[in-house]
Amino acid sequence: MSTENAAPEESAGAAQESAAAALPKAYDPKLVEDAIYARWEASGLFNPDNLPDLEGGKKRSEPFTIMMPPPNRTGILHVGHATGNALQDLMIRFNRMRGKRALWLPGTDHAAIATQVKVEGILREQGMKNPRRELGREKFLEEVVKFAADSGKTIVMQTRKMGASCDWSREAYTFDDARNRAVNRLFEMMHEDGLIERGDRIVNWDPKFQTTLSDDEVEMKETVARFLTFKYDRDFPIVISSTRPETKFGDTAVAVHPDDARYAAFVGKTFTPTFCGQKLTVRVIADREVDPEFGTGALGVTPAHSMIDADMAARQSPVLPTVQVIGTDGCMNDAVPEEYRGLTVKEARVKIEAALQAAGLLIAVEEIKQNLPVAERGGMPVEQLPMKQWFVRANKEFTLRQDTLGMWKKGERTTLKDLMREAVQSGQVKIMPEQFEKVYFHWIDNLRDWCISRQIWFGHRVPAWHRGEEIVVGAEKPSGDGWEQDPDTLDTWFSSGSWTFSTLGWPDKYAGGVKEGDLAKFHPTDVLETGRDILFFWIARMILMSTYALGEVPFKTAYLHGLVRDEQGRKMSKSLGNIIDPLVVSEKFGTDAVRLSLVLGNSPGNDMRISEEKIGYFRNFTNKLWNIARFVMMSAPGLARPSGRPEPKTLADRWILARLDATIASVSDDLEKLVLSRPGETLRDFTWNDLADWYLEIAKIEGGKDEMLSYVLSAVLKLWHPFMPFVTEEIWAHTFAAGKDDFLMVAEWPVATGAVADESDAKRFTKLQEIVTTIRNLRSTHKVEPGKRVDTYVFCGSDDAFIAEGELKIIATLAKAGQIHAAACGKSEGMPRPQHAASGMAGTTEVLISLEGLVDPAAEKARLQKEYDEAAKYVEVQSRKLDNADFVARAPEKVIALERQKLADAKEKAEKLTAQLDALK
RNA sequence: GGACGCUUAGCUCAGCUGGUUAGAGCACCUCGUUUACACCGAGGGGGUCGUAGGUUCGAAUCCUACAGCGUCCACCA
């Protein structure tokens with residue numbers, strides 16, 4: 001890794017110069033990105049097992065692991081994926097350069113229902129009416145598998161385009177054989193522990209896609225509903241209300257509040273009213289959940305079609321019977337009178353209202369706002385139906401297995417809910433941003449049993465076998481004849497819940513509670529970075545699965561990014577036409593620019609806005625860095641890979657090294673803490689302001705900067721690499737790379753070497769900048785011709801650092817001053833003041849430029865007067881503050897000293913401005 | 001109904017545990033073809049930090065209430 005003894009300096013320099021000249025003036029990402037990615041991939045360095053030892057031969061020991069949230073194989077990557085990729089690659093590349101064994105494991109998600117729905121849609125567009133029926137299970141699945149395969153390929157290609165340094169040799173798919181073994185094993189274990197059971201419960205049913213849904217897949221949509229107040233029949237003594245009269249055929253009770261005097265006499269009695277031609281058996285029950293203020297204070301209880309009613313029914317003794325009146329097709333079933341059978345719920349609702357009206361039973365109709373449960377996917381209404389399904393029991397007590405790792409005590413009684421809660425409460429899993437932990441706990445508190453069986457075809461088949469009434473759980477078909485595998489598939493989140501450990505070899509690499517291979521090396525993972533919208537769907541379920549199966553958390557930190565919105569803050573959607581396709585903008589502006597625009601200004605949990613304008617800004621920045629490199633290559637003929645920190649020769653050298661050190665320290669510290677936006681901003685400020693605008697300009701003046709420029713540029717490239725890998729790697733190849741196989745990607749992260757500029761250096765440099773700015777300002781306001789050099793006089797204030805000859809030359813050049821007359825504090829007596837001059841203040845330093853005739857004396861006077869007024873006002877404010885006895889008595893010594901200094905400076909400034917004003921007369 | 005978050009320059013946002021004469025980028029105005037960069041450089045204008053109280057020597061920063069916006073959860077049959 002040493003280049004010190006390369007070619008003789010001169011020829012190396014010449015080569016460099018011509019190389020720089022050969023570089024185009026503008027960086028063109030299109031020409032280099034694909035080739036760079038191909039070289040990275042070919043190097044094998046994405047695989048942590050191939051990473052080189054550290055300097056001094058030290059082995060990499062500490063792992064750093066991220067599991068890529070597998071994108072759904074439903075199409076193409078969107079800007080949300082690109083955001084995740086940029087953030088994860090940033091963390092991975094930083095930690096790789098820091099010397100860790102960095103593993104970023106990629107993959108894709110079969111996404112069961114989402115993919116099947118997508119393919120059904122495509123087949124319908126192609127003319128099929130009912131693809132599932134027309135094709136049959138086997139043929140239909142072939143179509144889905146084919147689609148998923150294509151989609152998977154596209155996604156992997158797109159992930160490469162984004163520059164993701166993930167280990168493709170370990171790529172996983174949620175629906176491959178290894179993941180299937182994990183799913184089956186988990187199902188068996190949980191079944192053995194009584195945590196998975198088959199039961200008759202009320203489930204969410206999607207009549208359109210003909211499948212159950214979990215609670216999290218159901219959303220509430222506000223709608224206007226007709227709220228009917230009526231009686232079942234003339235003789236029934238209680239008036240009830242409902243927005244869904246069609247379900248009343250399934251009523252088995254009327255519930256009232258136990259303290260409601262109006263109905264107390266009826267409680268416990270059973271009636272047999274006839275509702276729209278159907279004889280009901282209705283018990284009047286008391287339940288504290290009933291709100292006596294709402295409606296009539298009495299409600300018809302329909303245990304078959306409402307989870308809440310079902311809960312109420314279960315609390316009764318004896319338990320209320322369940323009468324199902326709606327079928328899986330979303331239509332009234334045979335349990336209702338003939339005239340209603342086969343009607344959709346909507347049709348039945350209208351018909352019943354009319355019937356009640358005709359019979360004189362309808363007392364009132366009111367339009368009310370109501371939240372209707374609809375499918376998260378598709379938006380169609382969801383029915384609650386009683387069905388026999390498989391459930392994960394969140395509240396069931398069980399005994400922790402003996403072969404878990406013992407982060408939780410083996411053999412103890414617990415519940416899945418408690419495991420999920422404790423993982424975060426104990427601090428073993430940290431959620432960023434922290435406020436999401438509350439949301440997480442709240443979700444756990446409200447969690448019901450999780451229905452995991454789905455009636456769709458694409459997915460992991462439930463590992464259970466039926467023969468008549470017999471059921472056997474297991475991946476293998478039981479011996480004997482007549483066994484049929486359960487036709488249902490598992491909720492896609494059941495399989496993705498095991499993502500962090502199934503991808504590392506579980507269960508094969510987990511014998512008797514001992515982790516082996518990758519599982520031992522990389523689990524628990526370090527960070528799980530994903531969108532905040534899947535906190536419940538996925539984060540919570542991974543914690544559940546991992547703590548249950550391994551007794552170990554899946555990751556130490558869950559980092560949740562917000563939604564990416566358009567520049568007006570709207571969600572991106574096809575219908576709005578405001579979608580930003582990461583690949584399209586990468587093509588236009590370069591991948592690095594896209595990545596920067598997704599990382600800078602992005603804080604965990606908060607939505608962020610993105611626009612082409614913003615990406616364009618970062619494209620400009622990549623070009624800026626490119627040109628900084630071009631400049632360094634041209635102006636430093638001895639450019640070479642630095643072996644250590646060079647010896648600074650001038651004030652500017654000491655200053656830039658100190659600034660670089662501070663930048664390295666701050667950027668490293670932030671990235672360690674997973675603060676990802678601020679370090680990018682810190683770096684940008686350093687690169688653009690300190691380095692390009694000041695140091696490089698000074699380097700042109702001072703010269704002899706080969707070592708300094710080599711050192712600073714190489715550090716800057718390393719610091720930027722995790723943020724914008726392509727342009728930095730490309731520059732590296734043209735500058736410091738020892739050969740084709742020497743990648744910046746595995747260069748070691750810079751270390752702050754300790755401040756080299758003391759406080760007086762920093763102060764002197766700041767003063768230099770202020771003086772330059774003041775002169776430029778004077779020239780600009782007095783419209784001095786651009787090329788014209790004017791004599792300049794600088795009178796340092798009482799607190800100013802001495803300005804040396806070398807610095808005067810810098811000031812003169814940067815500010816295009818002519819001769820500079822300068823005097824340090826207390827040495828200005830002999831120095832002449834110009835006759836005709838424009839004057840200004842750089843802090844307490846007076847700056848005058850000699851002018852033949854002022855452009856506008858009145859304007860100049862007004863300008864100085866304004867400046868004086870501000871200074872005078874500040875003097876007043878500060879004086880008042882320091883005259884305040886309470887302030888002087890209570891504020892800390894340091895603050896008081898600081899305020900005194902500010903007052904003194906302001907006074908000095910005001911005095912000098914007074915003199916300047918006088919001189920104008 | 002409950003919880004959480006946001007409200008700082010025309011726009012997008014920084015301002016960590018209270019002490020800056022309140023910052024950046026974009027946009028805007030003026031000037032500039034100086035051999036890294038016009039995907040650039042130099043200079044400039046622009047904010048009583050949502051409102052009202054409170055704590056404090058001192059509040060954009062802490063507390064309370066209110067308003068507006070947003071998100072999540074629950075859901076009254």
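Proteins get letters first, then strands, A, B, ... in listed order; numbering begins at 1 in each. The figures here come from the full heavy-atom set of this structure, side chains too, leaving out hydrogens, waters and symmetry mates.
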Every protein N/O lying under 3.5 Å from an N/O of nucleotides 18-26 of chain B:
from	atom 1	to	atom 2	distance (Å)
B/U21	OP1	A/Tyr874	OH	2.2
B/U21	OP2	A/Lys902	NZ	3.2
B/C26	O2'	A/Glu613	OE2	2.7

Below 3.5 Å between N/O atoms, which protein atoms pair up with nucleotides 4-12 of chain B? Just atom names and distances, please.
from	atom 1	to	atom 2	distance (Å)
B/U12	OP1	A/Arg609	NH1	3.1

Would you tabulate the pairs of protein nitrogen or oxygen atoms and nucleotide nitrogen or oxygen atoms of nucleotides 32-35 of chain B closer than 3.5 angstrom?
none

Using atom names, set out every protein N or O paired with an N or O of nucleotides 74-77 of chain B below 3.5 Å, distance rounded to 0.1 Å.
from	atom 1	to	atom 2	distance (Å)
B/C75	O2	A/Asn371	ND2	3.4
B/C75	N3	A/Asn371	ND2	2.4
B/C75	N4	A/Asn371	ND2	3.3
B/C76	O2	A/Asp291	OD2	3.3
B/A77	OP1	A/Gln370	NE2	3.4
B/A77	O3'	A/Ser242	OG	3.3
B/A77	N6	A/Asp291	O	2.8
B/A77	N6	A/Phe294	O	2.9
B/A77	N1	A/Asp291	N	3.4

Provide a list of protein-nucleic acid N or O atom pairs under 3.5 angstrom, restricted to nucleotides 42-50 of chain B.
from	atom 1	to	atom 2	distance (Å)
B/A42	O3'	A/Arg776	NH1	3.3
B/G43	O2'	A/Ser780	OG	3.4
B/G44	OP1	A/Asn777	ND2	3.3

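Spacing of C1' atoms, B/C69 relative to B/C28, comes out at 28 Å, to the nearest Å. Between B/U8 and B/C31, the distance separating the two P atoms is 33 Å to the nearest Å. Using atom P as the reference point in both B/U7 and B/U61, the two lie 11 Å apart (nearest Å). Taking atom P in both B/U17 and B/C26, one finds a spacing of 29 Å when rounded to whole Å. For B/U64 and B/G43, the C1' atoms lie 46 Å apart once the distance is rounded to whole Å. B/U35 and B/A42 have their P atoms separated by 16 Å, with the value rounded to a whole Å. Between B/U56 and B/C11, the two P atoms lie 37 Å apart (nearest whole Å). Separating the P atom of B/C29 from that of B/C13 is a span of 24 Å, rounded to the nearest Å.
The backbone N or O of A/Phe726 sits less than 3.5 Å from a side-chain atom of A/Asp592, completing a donor-acceptor pair. Between the side chain of A/Asp669 and the backbone N or O of A/Ala665 there is no donor-acceptor pair closer than 3.5 Å. At distances below 3.5 Å, not a single donor-acceptor pair connects side-chain atoms of A/Asn884 with backbone N or O atoms of A/Arg880. The closest donor-acceptor contact from the side chain of A/Asp309 to the backbone of A/Thr302 lies under 3.5 Å. Listed for the A/Glu217 side chain is a donor-acceptor partner under 3.5 Å among the backbone atoms of A/Ser214. Using modelled atom types, one side-chain atom of A/His305 and one backbone atom of A/Ile326 make a donor-acceptor pair closer than 3.5 Å.
Here the side chains of A/Met307 and A/Asp215 are in contact, with some heavy-atom distance below 4.5 Å. Within the 4.5 Å cutoff, no side-chain heavy atoms of A/Ile363 are placed close to those of A/Phe230.
Remark: C1' of B/G41 and CG of A/Leu814 are 12 Å apart, rounded to the nearest angstrom. Put simply, CD on A/Glu222 is 15 Å from C1' on B/C73, counting in whole angstrom units. Computed from coordinates, the A/Arg619 CZ to B/A38 P distance equals 12 Å when rounded to whole Å. The CZ atom of A/Phe621 sits 14 Å away from the C1' atom of B/C40 (whole-angstrom rounding). Between the NZ atom of A/Lys588 and the C1' atom of B/C39 there is a distance of 13 Å, rounded to whole Å. Following rounding to the nearest Å, A/Leu560 (CG) and B/U71 (P) show an atom-to-atom distance of 18 Å. Distance A/Ile444 CD1 to B/C72 C1': 15 Å, rounded to the nearest Å. Straight-line distance from the CG atom of A/Leu676 to the P atom of B/A14: 15 Å, rounded to whole Å.
Of the inter-residue distances, the one linking A/Leu709 atom CG with A/Ser635 atom OG reads 5.5 Å to the nearest 0.5 angstrom. Taking CD of A/Glu730 as the reference point, atom CE of A/Met724 lies at 13.5 Å (rounded to 0.5 Å). Atom CD1 of residue A/Ile656 and atom CH2 of residue A/Trp694 lie 12.0 Å apart, to the nearest 0.5 angstrom.
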Base-pair map of RNA chain B as dot-bracket, where | denotes pairing with a different strand and pairs are Watson-Crick or G-U under 3.5 Å: (((((((..((((.....[...)))).(((((.......))))).....(((((..]....))))))))))))....

Stepwise side-chain hydrogen bond (donor to acceptor under 3.5 Å, both in side chains) test for A/Glu681 and A/Ser677: CA-CA 7 Å; A/Glu681 292 162 47; A/Ser677 172; 2.6 Å; yes

Step-by-step ring pair (Phe, Tyr, Trp, His ring centres under 6.0 Å) determination, A/Phe294 to A/Phe227: CA-CA 12 Å; A/Phe294 189 85; A/Phe227 187 53; 5.6 Å; yes

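As judged by a 4.0 angstrom heavy-atom cut-off over every strand, A/Lys25 is placed among residues touching the sugar-phosphate backbone only. Residue A/Glu876 is classed as having no contact, given no heavy-atom separation below 4.0 Å to the nucleic acid.
Donor-acceptor pairing under 3.5 Å is recorded for the side chains of A/Gln878 and A/Glu899. With hydrogens and angles left out, the side-chain atoms of A/Gln384 and A/Ser306 include no donor and acceptor closer than 3.5 Å. In this structure, a donor-acceptor pair under 3.5 Å is absent between the side chains of A/Ser780 and A/Asn777. Between the side chains of A/Glu289 and A/His257, no donor-acceptor pair is found at a separation under 3.5 Å. When only modelled atom types and interatomic distance are considered, A/Tyr232 and A/Asp251 share a side-chain donor-acceptor pair under 3.5 Å.
Between A/Trp720 and A/Phe621, the ring centre distance stays below 6.0 Å. You'll find the ring centres of A/Phe589 and A/Tyr617 outside the 6.0 Å limit.
The base of B/C37 has none of its N or O atoms less than 3.5 Å from a complementary donor or acceptor on the side chain of A/Arg630.
Annotation: of the two residues near RNA chain B, A/Asp886 and A/Ala692, the 5′-most nearest-nucleotide partner is A/Ala692.
Taking 4.0 angstrom as the limit, A/Trp688 places a side-chain polar atom (N or O) nearer than this to OP1 or OP2 of B/G41. Dashed line: the shortest gap from a side-chain N or O of A/Asn627 to OP1 or OP2 of B/C40 is not under 4.0 Å.
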